[in-house]
Amino acid sequence: MTKAPIPANEAERLASIKKMQILYTPAEEVFDRIARLTQKIFNVPVVFISIVADDYEWFKSQVGLDINSGPRDVSICGHIVFTGEMMVVEDAQTDERFFDNAYVCEQMNIRFYAGRPLRNTEDHIVGTLCIVDHEPRTFTEDDRQTLDAIGYWIESVFATRGLSTAMRNLLLELDEVRRNSMMDSLLNIWNRGAIEDILKREADLGLRQKTQISILMIDIDFFKKINDVHGHPVGDAALLSVVKALRNQLRSYDSVGRYGGEEFLAILPNTSQKDAVKLAERLRIAVSKASIKSGDEDVQCTISLGLASADFSTETVDINQLVVNADNALLQAKEAGRNRVEIAA
Ligand SMILES: Nc1nc2c(ncn2[C@@H]2O[C@H](COP(=O)(O)OP(=O)(O)OP(=O)(O)O)[C@@H](O)[C@H]2O)c(=O)[nH]1
């Protein structure tokens, strides 16, 4: 196996990645959508957007892969970071650089690989967009141009990535190990401690900037029954499907975290009650339309939502009380029959 050489500007490259606040962050819908679309366009089983860090590579988004990082010294993407060029390996098993690579042979069963370098706004190569097949493939000039265009799109997203100030501030304070410990490992969203921290920061910002804030307490309806009837793995798949539907509708500067087993807290900064109601309805409908496979059966689930809003320009806001209010509204939504949004009094 040929190890990828380390670029001459490695220290600057790593510092530039750090500034992006992208490593060990929750999944972001925009990257996941691009990865899913790439999979459809090329009809490949595996797509990933990797960020190549000091001694590991981490996947910002992945389709068809159940790992989210790997060691850099066996990373094929590391070669692209070094050369800065798109790399196509039509059959990794007959390529002398990769035939005995641990990724190729074991973990990822890579036969075909194409990767396009991804540059950030400071013109550093931070990682790659990769497509992988378990069979050898040919890659035409047209295919190269398509992969290049999608890579360009990801680079534009790097440039305009709209995280909220509260989330950016939290990320700035955390090293990668702590970031990882603040995420829910099953759902790849913030855990309860993190979402509570973000809420406090949003409240501080709201107070300073005299804006409005809305929060949503969201709970899956009759979730116990899904587990009991279809089993825990289908329950897990249902959780993932709900999160996907929520993330699809939420804006990049909204935050969502797992508040309890099947309960989520969404924070909508700069959002009036009127706009939050519309968004909550969109979330409710999106979840009700999603379905999960259980054998031959399609399993559907719904959510109940409690909404609480506050206006920092006209009232003194107790953020803990706001959470209690959203929780009470959620309880009302449950009592009123579920699959509905209730607004806190
Ligand atoms: N599969 C799976 N189940 C979980 C997870 N976390 C919590 N649960 C289950 O979620 C269920 C929650 O059930 P309840 O609190 O009774 O609520 P419910 O059935 O959704 O009923 P309502 O909220 O009243 O509509 C319990 O059976 C938990 O075991 C998880 O990570 N995976």
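Numbering of ligands and ligand atoms starts at 1, following listing order. Just so you know, these numbers use all the heavy atoms, side chains as well, and skip hydrogens, waters and symmetry mates.
Close contacts between ligand 1 and Asp221 involve ligand atoms 20 (O), 25 (O) [criterion: under 4.0 Å to a heavy atom]. Under a 4.0 Å criterion applied to the non-hydrogen atoms of Arg338, ligand 1 contributes the atoms 22 (P), 24 (O), 25 (O). Close contacts between ligand 1 and Leu239 involve ligand atoms 30 (C), 31 (O), 32 (N) [criterion: under 4.0 Å to a heavy atom]. Residue Gly235 has at least one heavy-atom neighbour below 4.0 Å for each of these atoms of ligand 1: 1 (N). Applying the 4.0 Å criterion to heavy atoms of Asp219 picks out, from ligand 1, the atoms 23 (O).
For Arg178, the CZ atom sits in a loose shell: 12 or fewer heavy atoms of surrounding residues, nucleotides or ligands are nearer than 6.0 Å.
Here's the thing with Leu186: none of its N/O atoms is less than 3.5 angstrom from an N/O atom of ligand 1. Taking any N or O of Asp236, backbone or side chain, at least one lies under 3.5 Å from an N or O belonging to ligand 1.
Taking the ring centre of Tyr259 as origin, the terminal cationic atom of Arg192 falls inside the region bounded by 6.0 Å and 45° from the ring axis. Figure legend: Arg144 and Phe139 shown without cation-pi pairing, the cationic atom not lying both under 6.0 angstrom from the six-membered ring centre and within 45 degrees of its axis.
The single protein non-hydrogen atom nearest to atom 22 (P) of ligand 1 is Lys334 NZ, 3.5 Å, given as residue, atom name and distance. Nearest non-hydrogen protein atom to atom 20 (O) of ligand 1 is Phe223 N, 2.7 Å. Given atom 31 (O) of ligand 1, the protein heavy atom at minimum distance is Arg258 NH2, 2.7 Å. Considering only non-hydrogen protein atoms, atom 3 (N) of ligand 1 sits nearest to Asn227 ND2, 2.8 Å. When hydrogens are left out, the protein atom nearest atom 14 (P) of ligand 1 is Lys224 CB, 4.4 Å; that is the closest non-hydrogen contact. When only non-hydrogen protein atoms are considered, atom 7 (C) of ligand 1 lies nearest to Gly261 CA, 3.6 Å. Protein heavy atom in closest approach to atom 15 (O) of ligand 1: Glu262 OE2, 4.2 Å.
Between His79 and Phe98, the ring center distance clears the sub-6.0 Å criterion. A centroid separation of less than 6.0 Å is found between the aromatic rings of Phe48 and Phe59.
In summary, Arg137 and Glu90 do not engage in a salt bridge, as defined by a charged side-chain N under 4.0 Å from a carboxylate O. A salt bridge is absent between Glu342 and Lys334; no separation between the charged side-chain nitrogens and carboxylate oxygens falls under 4.0 Å. Residues Arg36 and Glu29 are paired through a salt bridge, judged by an N-O separation under 4.0 Å between the basic side chain and the carboxylate.
The shortest side-chain heavy-atom distance between Phe42 and Thr38 falls under the 4.5 Å cut-off.
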